[in-house]
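Scroll down for the structure; my scribbles are underneath it.
Only this structure's heavy atoms are used, side chains among them; waters, hydrogens and symmetry mates stay out.
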Amino acid sequence: MRPTVVALAFLAAPLCAEEWPHYGNDPGGSRYSPLDQVHRGNVNQLEVAWEYDTPDFSDGLTGNPARSAFEATPLMIGGTIYVPTPMDRLLALDAATGELEWELAAKLDGTRRFGLYINRGIGYWKQGDKERLVFGTQMGLVYSIDRKTGRPDPAFADGGVLDTNPAVTDGDVQGHYSLTSPIAQCNGTLVVGGRVSDGLPKGPSGDIRGYDVHTGELRWRFHTVPRPGEFGNDTWGGDSWKMRGGTNLWSMTSVDSELGLVYAPLGSPAHDYYGGDRPGTNLFGNSLVALDCRTGSRRWHFQSIHHDIWDWDLPSQPSLVEVVRDGKAVKGVTLATKTGFLFIFDRATGEPLFDIEEHAVPAGDIPGEYYHPTQPRPVRPKPFIRQSMREDEITTVTPESRAECLEMLEGASVEGPLFRPRMRQRTVFFPGTNGGSNWGGGAFDPETDTFYINSMDVGSLASMVSRGEDAEVPWRSRSVPQGRFWDSSMYPCQEPPWGHLTAIDLNTGEFRWQSVLGEYDELTQRGIPPTGASNLGGPIVTGGGLVFIAATNDKRFRAFDKDTGDLVWEYRLPASAHATPMTYMVEGRQYLALAVGGGNKYNPGSFMAKVVAFRLPTDE
């Protein structure tokens with residue numbers, strides 16, 4: 001259906017190549033910039049242009065009860081950088097100097113225990129002379145802010161602030177609701193999801209809501225767990241749909257304004273690891289859903305996991321791409337998963353651009369659990385992560401690591417396929433709950449139809465333990481003390497590589513190259529080749545022929561040749577940057593900027609919240 005005349009007013013003009021106005025640069029999340037001032041021949045001359053240091057972080061020990069994670073990607077619009085801190089303070093910085101222009105401190109309950117303090121970015125829209133930043137917060141508030149002044153828009157909701165919390169509570173439920181990812185605007189509608197608790201079966205609703213971009217008025221609500229009479233309700237056995245937690249949009253959406261569609265990747269149903277009380281495939285858990293921006297109605301969907309009991313929710317922004325099929329250009333959308341699959345669909349119809357097959361998977365041994373007999377796999381591309389291991393692949397990087405890992409594995413089941421369920425025996429799973437791929441997602445190069453994505457090979461070692469028949473969740477997952485399949489030095493327990501950057505040709509589904517991503521300095525100093533490392537955050541690709549990525553827990557910011565996968569530049573940061581970089585041009589000079597925070601799940605000893613920008617020397 002064609003957009004209305006009113007909606008057409010929101011169709012963006014061609015993006016200014018010098019800016020970075022959306023989380024993924026464009027509403028489709030390509031993370032591509034045509035800027036080429038920094039290129040293969042001079043990238044090794046990059047130097048720090050400016051830094052902005054903020055005290056808005058937490059180590060979870062002093063002052064605040066949880067740790068922080070600086071995972072934001074800044075925007076650059078009109079010569080100003082906009083970036084939210086982990087503690088929900090929105091900063092406006094001069095893009096050339098890093099000097100503070102204004103700031104807005106959102107309401108945040110610093111005594112409330114979050115998993116991590118996180119805010120990954122903000123939204124932006126423009127209509128005529130009206131420009132607004134859309135700032136979602138961890139308290140479930142949405143601010144509509146004048147881009148130039150930093151003041152909330154009095155015409156929006158309650159003095160410029162919309163409280164979305166009442167819209168997610170049905171009955172007496174436990175758990176928190178928060179906004180941790182950028183909010184997209186689609187033809188006059190703000191599309192709002194949120195992070196919800198998934199430790200109990202019942203909790204705040206994971207529904208997606210559409211609000212009027214000018215007034216904050218609720219336009220529509222899409223039930224991610226369908227109600228009686230709605231498509232998909234019969235995939236929830238009995239009345240298991242009632243007040244069901246999880247199945248939420250905690251990540252980023254992508255928008256095709258011409259089609260009037262928003263593409264939403266959804267999380268797993270609650271409880272994460274036990275689903276005996278929710279038999280069935282459980283739509284729309286773990287599904288990519290294409291929704292009409294005006295009405296919230298479902299145009300098409302694809303479920304990546306039937307009845308998830310692994311916590312392999314869909315973590316990253318879908319990327320709108322264009323590929324060649326039978327000599328013709330086809331507009332597609334990619335779905336990268338924690339399990340290491342890359343699915344590609346026609347973005348208008350949802351038809352797969354590479355075949356998808358249902359494969360039989362094993363059942364487990366937990367009484368009362370429902371085990372779905374099959375799971376989907378794309379024929380191409382092949383998986384870009386490790387999905388299993390053999391016993392002869394236990395690490396040998398150091399004698400100490402091997403001994404520690406062998407001790408953890410005593411009595412455990414090591415070998416087995418993807419999608420084997422947690423059982424009473426301790427079992428090795430690949431990937432772990434963080435993936436594979438995570439919220440960092442990938443970058444698409446329209447010059448070569450290549451998709452670049454980073455990944456890590458960190459498994460988990462877990463079993464299921466009885467809580468008793470009368471418990472609300474009668475079985476729970478028990479992991480090794482570290483929570484992941486690694487030793488006390490955080491070296492994964494299988495042979496390396498432990499992290500990759502992969503280039504995938506979307507026309508053929510074949511890998512162009514795969515490079516090791518990351519290292520452990522102490523292992524490198526012992527003569528061990530780079531092993532790869534855990535990573536959170538994604539890549540960008542530029543017209544200069546480069547793929548830039550930080551993400552790894554080794555404090556490095558790197559550039560790879562986009563055609564060969566060769567490492568051509570790296571810089572040691574003050575802490576690891578678990579965030580996706582961005583690039584822009586101001587006053588005739590190209591910059592790269594990223595959030596540096598350390599901490600997170602992989603750096604327990606270092607915390608900060610610093611924005612660092614790079615450029616070439618003045619005489620370049």
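- Counted by atom type alone, R31 and Y452 present zero donor-acceptor pairs between their side chains at under 3.5 Å.
- Annotation: W300 is in aromatic contact with F345 [ring centroid separation under 6.0 Å].
- Remark: D234 engages no residue in a side chain to side chain donor-acceptor pair (under 3.5 Å) (not counting sequence neighbours).
- For the atom pair CZ of R195 and OG1 of T180, the computed distance is 6.0 Å after rounding to the nearest 0.5 Å.
- The aromatic ring centroids of F57 and F607 lie 6.0 Å or more from each other.
- Under 4.0 Å is where a charged nitrogen must lie from a carboxylate oxygen, and between R151 and D146 no such pair does.
- Atom CG of L90 sits about 9.0 Å away from atom OH of Y82, to the nearest 0.5 Å.
- Checked against ring pair (Phe, Tyr, Trp, His ring centres under 6.0 Å), F451 has no partners two or more places apart in sequence or in another chain.
- Residues in residues 54-80 take part in these salt bridge (Lys or Arg N to Asp or Glu O under 4.0 Å) pairs, two or more places apart or across chains: D56-R89, E71-R120.
- A ring-centre distance under 6.0 Å is found for F302 and F343.
- Residues satisfying the ring pair (Phe, Tyr, Trp, His ring centres under 6.0 Å) criterion with F114, sequence neighbours excluded, are Y117.
- Judged as a side chain to side chain donor-acceptor pair (under 3.5 Å), and not counting sequence neighbours, S33 has no contacts.
- Here NE2 of H578 is found 8.5 Å from CG of N535. Values are rounded to the nearest 0.5 Å.
- With ring centers used as reference points, F156 lies 6.0 Å or more from H214.
- Taking the centre of each ring, F231 and H301 come in below the 6.0 Å mark.
- With hydrogens and angles left out, the side-chain atoms of T80 and E101 include a donor and acceptor closer than 3.5 Å.
- Among residues two or more places apart in sequence or in another chain, the side chain to side chain donor-acceptor pair (under 3.5 Å) test is passed with S606 by none.
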